[in-house]
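Here the structure is a predicted model, which is why all the values come from computation and not from measurement. Chain letters run A, B, ... following the sequence lines, proteins first, then strands; residues in each count from 1. In what follows, every heavy atom counts, from backbone to side chain, and hydrogens, waters and symmetry copies are set aside.
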Amino acid sequence: MTTASISDLRHHVGEAVIVQGWVTHFRSSGRIHFIIVRDGTGVVQCVFKHDEVQEPLTTETAVTVYGEVRADARSPIGVEIAVHQLVVTGQSPDYPITPKEHGTDFLMGHRHLWVRSPRQAAILRIRAAIIRKARGFLDDHGFTVADPPIITPAAAEGSTTLFGIDYFGEPAFLSQSGQLYMEALAMALGKVYSFGPTFRAEKSKTRRHLTEFWMLEPEMAFVEFEENLSWQERLMEAIVSGVLQDCADELAVIGRDVVPLARVKTPFPRITYDEALERLATLGMPVAWGEDLGAPHETALAEQFDRPVFVTHYPTALKAFYMQPDPKRPEVVLAADLLAPEGYGEIVGGSQRIHDLELLQQRLHQHQLPDSVYSWYLDLRRYGSVPHSGFGMGLERVVAWITGLEHVRETTPFARTLNRVWP
RNA sequence: UCCUCGAUAGCUCAAUGGUAGAGCACCCGGCUGUUAACCGGGUGGUUGUAGGUUCGAGUCCUACUCGAGGAGCCA
């Protein structure tokens, strides 16, 4: 007798198999009983007689089922199992999560169990596929994965709040971006990317924010602004088309409308910050030049397009010190935010970096950042500096967009938010 | 940090200032094909905390705690 995964059962009709999993539902009609068993690959109904099992088969009881696979037109997966023997390997009295509705606080407090639900499992599989497709695309296009440190001595961008730690008596911080290190690695390896956790102690409490999130950060030597955008849109297209290909079942489980995703093809539209302001004025949402775009503005802009849209050439004063000003128009930078459709906001932020030593020092001073902290970063401009560009993709926001979720907290196994560090 | 809303059974929610209830979960019983099965019965409460008003507070008032949504900031 072979052990089979539930997703493979349709290839075993007529055979005796072993299925190991957890009970999600128990139903009975007199002498005939039905349990629904899930094993992480799918769910299957198992049928047995009244007196064959003595132990209670409550929700999430772990079971090993020995039985015969039978084709059955009534089954959603085409087969069910006629049970010969059913062994309880782990009881589950009073499982807290029921088939009825639950509130956010309760579910997040039981996240260690909530991940067992089909919807959550599907989301995590899609997350895995997004990671796989993103890394695959970059690996296939000459990028070298090279990860920056997570414990860092200083901020990449002075303004953002950092989580401080005690590093053997010295103050240190959890990384809020690996970008500066990625610039160093790009000078060594050409095209590089990192993929890892980043931390922001911002007191942001919205559907788009976590205090710990994963970021994909490519950095490319000899790549200027336009080519940077090209890499971003090709990466996003590869991710979305790859997920549509690999995750049809999971997208169906969570009820995602895939029509908008199928439209995500290059080239993505590009509008400048100036054009964005014009469009917003037309929409009755005027923004003064020099002010940043808020979440409602981003949503309104994104709604005008059927695929992600780049907003480029933001005012220099709004952006980080390392972004390259446009030589033809220094009051704006060669930076772009990629806004996702359907109100998911900024999913990628990128720019060409300043490669001129003097200009970079000038910008540091304008931001009142000390040269001493950035001495190694300035070395990159002292020794063989070249134009280079990079971007950061927020994984959880991409997952939220592709899965159509209301909130990023469900896009990661154990979300860390402003008010929650448990479980 | 600011704005808004909320907290009653394990869960989701009811309850004119006047006897705290329902559905689900769980337990017992019934049903030989159920699909969030169904039918009958049962267990289950310091109404977030502290104070106040009142003959009487889940309900009204004050403070606090916790949570949710949003703003700012960001990916």
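The distance between atom CZ of R409(A) and atom C1' of G67(B), rounded to the nearest whole Å, is 10 Å. With rounding to whole Å, W422(A) atom CH2 is found 15 Å from G67(B) atom C1'. The interatomic distance linking L405(A) (CG) with G69(B) (P) rounds to 13 Å, in whole Å. The separation between L210(A) atom CG and C73(B) atom P is 19 Å, rounded to whole Å. Across the protein-nucleic acid pair, L107(A) atom CG and C11(B) atom P stand 11 Å apart, rounded to whole Å. The CZ atom of F106(A) sits 12 Å away from the P atom of A9(B) (whole-angstrom rounding). Across the protein-nucleic acid pair, H102(A) atom NE2 and C13(B) atom C1' stand 13 Å apart, rounded to whole Å. A straight line from CD of E60(A) to P of C26(B) spans 12 Å, rounded to a whole angstrom.
Comparing L318(A) and H407(A) against RNA chain B, the residue whose closest nucleotide sits nearer the 5' end is H407(A).
To the nearest whole angstrom, the two C1' atoms, one in U47(B) and one in U12(B), are 16 Å apart. Between A14(B) and U8(B), the two C1' atoms lie 9 Å apart (nearest whole Å). Taking the C1' atoms as reference points, A9(B) lies 11 Å from U43(B), given to the whole Å. Distance noted for atom P between A75(B) and C60(B): 44 Å (whole Å). Comparing the P positions of C11(B) and G33(B) gives a spacing of 36 Å, expressed to the nearest Å. Taking atom C1' on both nucleotides, G72(B) is separated from C2(B) by 9 Å, rounded to a whole Å. Nucleotides A68(B) and C73(B) have their P atoms positioned 23 Å apart, rounded to a whole Å. Only the P atoms considered, A15(B) is 11 Å distant from A7(B), to the nearest whole Å.
Side-chain proximity of T98(A) to the nucleotides C74(B), C26(B), A25(B) is greatest for A25(B). Checking A68(B), C26(B), A71(B) against the side-chain heavy atoms of T206(A) singles out A71(B) as nearest. When distances are taken from the side chain of E202(A) to each of A71(B), A68(B), C74(B), the shortest belongs to C74(B). Counting only heavy atoms from C-beta on, M215(A) has its side chain closest to A75(B) among A68(B), C26(B), A75(B). When each of C73(B), G67(B), C27(B) is scored by its nearest atom to the side-chain atoms of N419(A), the top-ranked nucleotide is G67(B).
A donor-acceptor contact under 3.5 Å links the side chain of R397(A) to the base of C74(B). Residue side chain H209(A) reaches the base of C74(B) through a donor-acceptor N/O pair under 3.5 Å, judged by distance alone. If you check distances only, the side chain of S204(A) does reach the base of C73(B) with a donor-acceptor pair under 3.5 Å. Taking only distance into account, the side chain of K205(A) never meets the base of A71(B) through a donor-acceptor pair shorter than 3.5 Å.
N228(A) places a side-chain N or O within 3.5 Å of a backbone atom of G390(A) that can act as its donor or acceptor partner.
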* Structure fact -> Under a 4.0 Å heavy-atom criterion, the protein footprint on nucleotides 33-40 of chain B, written with B, S and -, is BBBBB---

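Across every strand in view, C60(B) sits in a pair with G52(B) that passes the Watson-Crick or G-U test at under 3.5 angstrom. The partner of U35(B), taking Watson-Crick or G-U wobble pairs whose two distances both stay under 3.5 Å, does not exist in any strand shown. With a cut-off of 3.5 Å on both Watson-Crick or G-U wobble distances, the partner of G67(B) is given as C5(B). Remark: G23(B) base-pairs with C11(B). Criterion, Watson-Crick or G-U wobble with two distances under 3.5 Å.
F213(A) qualifies as a stacking partner of the A75(B) base, centre to centre under 5.5 Å and near-parallel within 30°.
Taking the six-membered ring for Trp and thresholds of 30 and 60 degrees, F195(A) and W214(A) have ring planes inclined between 30 and 60 degrees apart.
D292(A) has no carboxylate O lying under 4.0 Å from a charged side-chain N of K319(A), or vice versa, which leaves the two without a salt bridge. The residues E219(A) and R353(A) are annotated as salt-bridged, a charged nitrogen and a carboxylate oxygen being separated by less than 4.0 angstrom.
Among the protein residues, V398(A) comes within range of no part of the nucleic acid, since none of its heavy atoms lies under 4.0 Å from any strand. When heavy atoms are screened at a 4.0 angstrom cut-off, G103(A) is found touching the sugar-phosphate backbone but no base atom. Counting non-hydrogen atoms under 4.0 angstrom, D292(A) reaches the backbone sugars and phosphates but no base.
For the pair L360(A) and Y322(A), the tightest heavy-atom approach, listed with the atom from each and the gap, is CD1-CA, 4.2 Å.
Side chains of E233(A) and T266(A): no donor on one and acceptor on the other come within 3.5 Å. Neither side chain, Q91(A) nor T58(A), offers a donor N or O lying under 3.5 Å from an acceptor on the other. Using modelled atom types, one finds no donor on one side chain facing an acceptor on the other under 3.5 Å when comparing R74(A) with Q45(A).
The structure places CZ of R132(A) at 11.0 Å from CD1 of I126(A), a figure rounded to the nearest 0.5 Å.
Distances shorter than 4.0 Å separate none of the side-chain N or O atoms of H110(A) from OP1 or OP2 on G10(B). Residue R207(A) places none of its side-chain N or O atoms closer than 4.0 Å to OP1 or OP2 of A71(B).
Counting heavy-atom neighbours within 6.0 Å of F26(A) CZ, excluding the residue itself, gives a total above 12.
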